[in-house]
Amino acid sequence: MSSSDDDTPLVKGKTNGVKSDDRVSKQVDRAMDKQTPSNGHVEPGLSIRMGPVDDMEVDAPTTNGNANGKRKARSSLTNTYKEASSSEEDDKPLSKRRRTSQKAKQPKGESESDLSDVPLRARKPPKATAAQIGEDSDSDIPLTTKLVKEKEAIEKAATKEAKNIKNKEKASASKRKPKVESESDDDIPLAKKKKQPVQKTNGVKKAKVESDSDAPLAKKKAPLKKTKAKAEPATPAKKGKGKSKLEETEQDQEAEDEEEEYRWWEDPAKGDGTKKWETLEHNGVVFPPEYEPLPKHVKLIYDGVPVTLHKDAEEVATFYGSMLNSTHNVENATFNKNFFEDFTAILDKTGHGKDKAGNTIKIKKFEKCDFKPIFEWFESERAKKKALPVAERKALKAEKDAAEADYMFCTWDGRKQKVGNFRVEPPGLFRGRGEHPKTGRLKKRVTPEQITINIGKEAKIPEPPAGHHWKEIKHDKEGTWLAMWQENINGAYKYVMLAANSDIKGQSDFKKFEKARELKKHIDRIRKDYQRDLRSEKMADRQRATAIYLIDQFALRAGNEKGEDEAETVGCCSLKFQHVTLKPPNFVIFDFLGKDSIRFYNEVQVDPQVFKNMKIFKKAPKTTNDDIFDRLTTSALNKYLTGYMPGLTAKVFRTYNASWTMARLLKDMKSTGSVIEKVKDYNDANREVAILCNHKRTVAASHAGSIEKMQDKINGLRYQVWRVKQMMIDIDPKIKKKKGAEYFERPKDLDDEWLQQHQEATLEEMREKIQKKFEKDNEKLKAEGEKEMKAKELEERLEVVKELAQKYKKENKSGKIEAEGKNPSIEKLEANVDKLLQQIETKKVQMEDKEGNKEVALGTSKINYIDPRLTVVFSKKFNVPIERFFSKTLREKFDWAIKSVDEDWDF
DNA sequence: CTCGTCTAGTCTGTACCATAAAT
DNA sequence: CATTTATGGTACAGACTAGACGA
C-alpha cells in the first residue's frame with residue numbers, strides 16, 4: 001500500500017508512508033459517501049489500489065515535427081519537466097507493486113461493476129428547491145388559482161390523451177404483456193436494483209439489448225399507425241382564419257406520410273455505408289434581399305458634415321449604425337477597430353463620401369463618424385413595422401413564405417424532406433462570442449459565384465439569379481448538404497443541410513444515442529483502466545488517464561487546440577496552468593472559458609491520485625499559459641478511446657453521462673402527483689443534466705426586477721396575514737391568549753419602515769390606476785363627441801385612496817385593526833389566513849424555481865444530449881402527454897423516438 | 001489541412017397568461 | 001355575477017449562425 005511514494009517528491013516533507021496514504025483515502029471514502037447518497041457505495045477505484053505497469057518506459061522526448069512557435073516552446077518546456085518527473089518515478093520497487101496490482105484485480109465483481117452505476121460523482125448535492133417542490137406537491141396544498149386552472153386544463157388534456165394512449169395500448173397490449181412481466185425487475189425500487197443494470201450491460205449480449213429496443217417495434221407497427229391518425233389531428237387546431245398555403249402543404253405532406261410512412265429506424269439497410277442518397281432534387285438557396293439605399297435625408301455625419309456614400313459603403317455604415325443600441329458591441333474597442341478597418345477598405349474602393357457641394361470628404365477617423373441619423377432611421381422603420389396592423393403583417397409573412405415555399409423542401413431518395421437553413425446568411429458585422437479577435441469584421445454578401453450546389457445527377461439544376469452562375473455543381477452522394485460556400489471571416493465552410501426532422505438527421509441522431517448506449521458495455525473496463533493508468537509510469541499515459549477521468553466525471557469537452565485568430569477558449573486537453581487550482585487535500589477548482597466563451601466554474605473533489613497527477617502536471621517550470629496536458633492531444637485521446645469501441649470519442653462521454661444521469665433520475669422518480677408536478681419533476685432532472693453539461697444562459701435583464709416584484713408581493717401577502725390576524729383580536733380580544741402572542745406578531749423584517757413604504761406604495765398604485773382610468777374614460781368621451789369630465793370627478797374618485805390612507809394612519813397609530821367584511825367571524829378570518837398562507841407558499845416555490853433557473857438553459861441538453869426515448873418512456877409510464885416535454889419541432893425531430901419505444905425501454 | 005456535422009447561446013417574434021375592463 | 005374581450009408582460013419556440021469536434 002505504499003504506492004503513494006510515486007509522487008512523494010511533490011508533497012514536500014511527506015516522505016511516503018502508509019499514514020499519509022491512508023488519510024487521503026479515508027477522506028475520499030467519506031466524501032464519496034456523501035456524494036452518492038442514493039447509492040451509498042464507495043468508488044471502487046479508490047479502495048482497490050492498482051500498481052503501475054511493469055514495463056517502465058522512459059518517456060521519449062516529445063518529437064513533434066510540427067514545430068510552429070507554440071509547439072516548440074511547449075516541447076522544450078516538456079523536456080525539463082519530463083526529466084524531473086521520470087526520475088522521480090524511476091526508483092520504485094516495481095516488481096513488488098506489480099504483484100499488489102494483480103492481487104488487487106482479483107476481487108472482481110460487485111464493486112467493480114458498480115462503476116457503471118455511478119458515472120457522476122462529485123456532483124453538487126441536489127438543491128433544496130427541488131426537494132421542496134416535491135414536498136409541496138405531496139402535501140395536498142391547493143395551488144394558486146393560476147396553477148389550479150392550468151392543472152385542470154392539463155389534466156383534462158391528459159385524460160383525453162390517456163384515452164388515445166390506452167387505445168394504442170389495448171391494441172398492442174396482448175403482445176407486449178408477457179415481455180413486461182418477464183422484465184418486471186423494472187419495478188423494483190432503484191435502491192435495491194442498483195446492480196441490475198450492470199448485469200444487463202455486462203452479461204447481456206447483443207441479443208438482449210436488441211430485444212429491448214427493436215423487438216417490440218415490429219409487433220407494434222400496425223396498431224401504432226392506426227392510432228396515430230386519431231391522436232395527431234388534435235394538434236393543428238390553430239384557430240382563426242383559413243390555413244395558409246403553407247400549412248396546407250404541410251398537412252398534405254403529413255397525410256402522405258401517414259399512408260406510406262417510411263420507418264428508417266426499422267430498416268436494416270439504413271445507416272451503414274457512406275452513401276447518403278441515390279437521388280436528390282432541390283431548388284437551391286434563397287438569397288437575402290438586395291441592399292436598399294437610405295432615403296436622401298438620412299446620412300452618415302462625418303466631422304459634423306452629412307456625407308453621401310457609395311451604395312456599398314453606405315450598406316456597411318448601416319450595419320454599424322443600426323446597432324448603436326447594442327452597447328455590447330459598440331463599446332468594444334476591438335469591434336470598433338475591426339469595423340472601421342473594413343469600412344475604410346470599402347471606402348477606399350468605392351470612393352469616400354461627398355458633401356452637399358460634391359466635395360470628397362475623406363473618412364479617416366472613427367471618432368468623427370456619427371451614425372445617429374442612420375440609427376434613428378432604422379429605429380423609426382422598426383417602429384413602423386411594429387405598428388403595422390396584424391392582418392397586414394400576416395399578409396406580408398404569407399407572401400414571404402409563398403416565395404420561399406419551393407426552397408423549404410427537397411426530394412431525397414424520392415421522399416419529401418424539409419431543408420434546414422435554405423437562406424444564405426445575410427451580410428453584416430461579425431460578432432463572435434467572447435473576446436473574439438475578429439469581432440466587428442465585415443461579413444460580406446455571398447454571391448452565387450461562391451456557392452457550390454450538391455444535387456442528384458438527373459435532377460434539374462436550380463437556376464442561379466439572373467446574370468449569375470454557381471461556383472460549381474457536384475453530385476456527391478456521400479455529402480448530406482445541398483449547397484455550400486466559404487465565409488470570409490474565418491474561412492469556415494457553411495452548408496445548407498436538411499432540417500432536424502429529416503430522415504437523415506434523425507438517423508445520425510439515433511446513431512449517436514445508440515453509440516452512447518454502446519458505451520455502457522465498455523465503461524467498466526475504461527474506468528478500471530484509467531484508474532490503473534492514473535499511476536502509470538509513462539507520463540503520456542498518466543495524462544491521458546487523468547484527462548479521461550475528467551471528461552468522464554465532469555463532462556468536460558475534448559478541447560482541441562485553437563488558432564491565434566480565435567477566441568481563447570479551452571476544453572480538457574487544452575486546459576492551461578491558470579485554469580486549474582488545487583486545494584488540498586483533493587479539491588480541484590476549474591475556472592476557464594469553454595465553448596462559446598461560456599465560463600466553466602466548478603469546485604470538485606477528485607480521486608487523490610488525480611489530485612496528485614494534476615499537481616505533477618502543474619509542476620514548475622510550468623506557469624501561466626502552459627498546457628496542463630502537454631503530452632496529450634485530442635486526436636491521441638480519441639485514437640486511444642476508439643480502441644475500446646469503434647467510434648468512441650471524447651464527446652460520446654458527454655452524451656452517455658447526460659443520458660445516463662437522466663435515466664437514473666427518471667427511474668428514481670415517484671409516479672405520484674398531478675401532471676404539473678410530474679412535469680416539474682422531469683424539469684428538475686433535466687436541470688440536473690444541464691448543470692452537469694454546464695449549459696448556461698445569460699440572466700435576463702429583467703430577472704432581478706421580477707424577483708424583487710415577487711418578493712414584494714410575498715411580503716404584501718405576509719402583511720395581509722398579519723392584518724387579518726389583528727382583526728381576530730378586534731373581534732375577540734381573548735383570542736390573543738388562546739393562540740399565544742407569537743401568533744399575532746408582525747414578522748420582524750416587516751418593520752415600521754417597511755410598513756410605511758408598503759402602505760405608500762399601495763396608495764400610490766391605487767392613485768395611478770384611478771388616474772389612468774380617468775384619462776382613458778375621458779378620451780373615450782372625447783372620441784364620442786361628449787364632454788370631458790372635470791378634475792373634480794377625478795378628485796371624487798380619488799376619495800377611496802384618501803380613505804384608505806386614513807385607515808392606515810389610524811391603524812398605525814392605534815396598533816389596532818378593525819375587522820373587515822360583513823359579519824366577520826374568527827372562523828372566516830382563519831380561513832382567510834389559510835388562503836393567504838397558501839398563496840405565499842406557491843409564490844415562494846415559484847420564486848425559488850425562477851431563481852434556480854435563471855442561468856441554466858434546459859433546452860440544449862434536451863435537444864442534444866438526453867436520449868429522447870427516455871422522455872418518451874417517462875411520458876408513457878406516467879401518462880403525461882409528450883407535448884408537455886417536446887415542442888412541435890422537437891416532436892418532429894424525435895419522431896423516431898416517440899414511435900419506437902415502450903414504457904419498459906431502458907437506456 | 002479540409003471538409004462535414006454536431007452543439008450551443010442569443011435574438012426576435014409570438015403564444016400564452018394574468019388581470020382588468022367590458023358586456 | 002359570469003363570461004367575454006382587451007392589455008400588458010413574460011416565457012418560449014424557432015431561426016440563426018458561431019463554435020467545437022472529428023474523420
Side-chain angles (χ1 to χ4, degrees), chain A residues 66 144-147 149-150 153 238-239 274 276 323 326 328 382 385-386 390 393-394 397 420-426 428 430-434 436 438-439 443 452 454 476 478-481 484 486-487 489-495 497-500 504-505 508-509 511-512 557-563 566-567 569-571 573-574 593-598 633-635 637-639 641-642 647-652 654-655 658 690 693-698 700 702-703 705-706 709 769 772-773 776-777 780 850 853 855 857-861 863-865 886-890 892-893:
Chain A
N66 150 17
T144 57
T145 45
K146 170 203 165 177
L147 283 180
K149 259 190 204 162
E150 201 191 339
K238 282 186 190 165
K239 60 178 172 182
T274 43
K276 305 292 183 4
M323 55 164 74
S326 158
H328 178 56
R382 252 186 288 237
K385 230 187 206 167
K386 227 179 175 177
V390 187
R393 248 189 297 172
K394 278 220 166 121
K397 191 170 178 278
N421 53 330
F422 53 84
R423 272 180 279 260
V424 173
E425 291 175 14
F430 175 82
R431 197 356 178 137
R433 318 263 161 90
H436 201 293
K438 291 189 174 171
T439 188
K443 184 164 123 173
T452 303
N454 192 31
D476 180 5
E478 291 178 14
T480 68
W481 49 276
M484 180 260 271
Q486 205 168 7
E487 148 262 19
I489 306 277
N490 298 301
Y493 296 88
K494 299 283 189 164
Y495 296 86
M497 293 190 198
L498 298 199
I504 189 72
K505 290 284 187 188
S508 66
D509 215 27
K511 262 194 242 161
K512 174 182 76 187
R557 293 194 179 80
N560 280 312
E561 286 292 330
K562 291 191 77 182
E566 293 173 277
T569 62
V570 299
C573 295
S574 47
L593 297 183
K595 180 178 176 182
D596 291 315
S597 293
I598 297 296
T633 62
T634 53
S635 59
L637 178 73
N638 283 335
K639 206 171 157 196
L641 290 173
T642 312
L648 181 61
T649 58
K651 64 170 262 193
V652 180
R654 262 167 89 79
T655 315
C693 295
N694 200 44
H695 290 143
K696 291 194 185 165
R697 59 175 179 177
T698 50
S702 59
H703 178 79
S706 58
K709 240 190 213 163
K769 227 186 228 167
K772 253 188 195 160
K773 168 122 170 68
K776 228 176 116 189
D777 286 352
K780 207 172 157 191
K850 191 169 188 147
N853 257 341
E855 55 176 11
L858 300 190
T860 308
S861 52
I863 295 169
N864 298 305
Y865 288 104
F886 292 154
S887 69
K888 180 172 169 280
T889 38
L890 273 193
E892 286 169 5
K893 170 177 159 115

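The shown structure was predicted, so the numbers you read here are calculated from the model rather than taken from an experiment. Chain A is the first sequence line, chain B the second, and so forth, proteins listed ahead of strands; every chain is numbered from 1.
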Name all residues meeting the salt bridge (charged side-chain N to carboxylate O under 4.0 Å, His left out) criterion together with [X]; count only those two or more places apart in sequence or in a different chain, and write none if there are none.
X	result
A:Lys595	none
A:Lys696	none
A:Lys505	none

Partner set under side-chain contact (heavy atoms from CB on, under 4.5 Å) for [X], not counting sequence neighbours:
X	answer
A:Leu648	A:Leu519, A:Ile526, A:Leu641, A:Tyr644, A:Met645, A:Val652, A:Phe653
A:Thr889	A:Ser887
A:Gln486	A:Tyr493
A:Asn560	A:Thr634

I'd like to check the side chain to side chain donor-acceptor pair (under 3.5 Å) partners of A:Lys651; sequence neighbours left out, ordered by chain and number.
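For A:Lys651 there are no side chain to side chain donor-acceptor pair (under 3.5 Å) partners, ignoring immediate neighbours.
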Rounded to whole angstrom units, what separation is found between the [atom1] atom of [X] and the [atom2] atom of [N]?
X	N	atom1	atom2	answer
A:Leu890	C:dA15	CG	P	12 Å
A:Asn864	C:dG14	CG	P	15 Å
A:Glu478	B:dG4	CD	P	10 Å
A:Ile504	B:dC6	CD1	C1'	13 Å
A:Ile863	B:dG9	CD1	P	10 Å

Upstream residue (5' side of DNA chain B) when A:Ser861 and A:Gln486 are each assigned their closest nucleotide
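It is A:Gln486 whose nearest nucleotide is closer to the 5' end.
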DNA chain B: 5'-proximal contact among A:Met497 and A:Tyr865 (nearest heavy atom):
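Looking at DNA chain B, the more 5' nearest nucleotide goes with A:Met497.
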Work out which heavy atom in A:Phe430 is nearest to a heavy atom in A:Lys438; give both atom names and the distance.
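Smallest interatomic distance, heavy atoms only, reads CD2-O, 3.4 Å.
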Which atoms form the tightest heavy-atom contact between A:Gly647 and A:Thr642, and what is the distance?
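Heavy atoms only, the tightest pair is N-CG2, 3.8 Å.
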Is [X] touching bases, backbone alone, or none of the nucleic acid, heavy atoms closer than 4.0 Å?
X	value
A:Met484	sugar-phosphate
A:Ile489	nothing
A:Thr480	sugar-phosphate

Give me, pair by pair, the N or O atoms of the protein and of nucleotides 16-23 of chain C that are less than 3.5 Å apart, along with how far apart they are.
from, atom 1, to, atom 2, distance (Å)
C:dC16, OP1, A:Arg423, NE, 3.0
C:dC16, OP2, A:Arg423, NE, 3.4
C:dC16, OP2, A:Arg423, NH2, 3.2
C:dA18, OP1, A:Lys443, NZ, 3.1
C:dA18, OP2, A:Lys494, NZ, 2.5
C:dA18, O4', A:Arg433, NH2, 3.2
C:dG19, OP1, A:Arg433, N, 2.5
C:dG19, OP2, A:His436, NE2, 3.4
C:dG19, O4', A:Asp596, OD1, 3.4
C:dG19, N2, A:Lys595, NZ, 3.0
C:dA20, OP1, A:Lys562, NZ, 3.2
C:dA20, OP1, A:Thr569, OG1, 2.4
C:dA20, OP2, A:Lys562, NZ, 2.4
C:dC21, OP1, A:Ala558, N, 3.1
C:dC21, OP1, A:Gly559, N, 2.8
C:dC21, OP2, A:Asn560, N, 2.8
C:dG22, OP1, A:Thr649, OG1, 3.1
C:dG22, OP1, A:Ala650, N, 3.4
C:dG22, OP1, A:Lys651, N, 3.2
C:dG22, OP2, A:Asn638, ND2, 2.7
C:dG22, O5', A:Asn638, ND2, 3.4

OP1 or OP2 of B:dT5 versus the side-chain N and O atoms of A:Lys505: is any pair under 4.0 Å?
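No, A:Lys505 has no side-chain N/O under 4.0 Å of OP1/OP2 on B:dT5.
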Please list, pair by pair, any protein nitrogen or oxygen found under 3.5 Å from a nitrogen or oxygen in nucleotides 6-12 of chain C.
from, atom 1, to, atom 2, distance (Å)
C:dA11, OP1, A:Lys850, NZ, 2.5

Scan nucleotides 11-16 of chain B nucleotide by nucleotide, 5' to 3', and note B when protein non-hydrogen atoms come under 4.0 Å of the base, S if they reach only the sugar-phosphate, - if neither.
---S--
Identify, with sequence neighbours excluded, every residue that meets ring pair (Phe, Tyr, Trp, His ring centres under 6.0 Å) alongside A:Tyr865.
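Partners of A:Tyr865 by the ring pair (Phe, Tyr, Trp, His ring centres under 6.0 Å) criterion, ordered by chain and then number, come out as A:His695.
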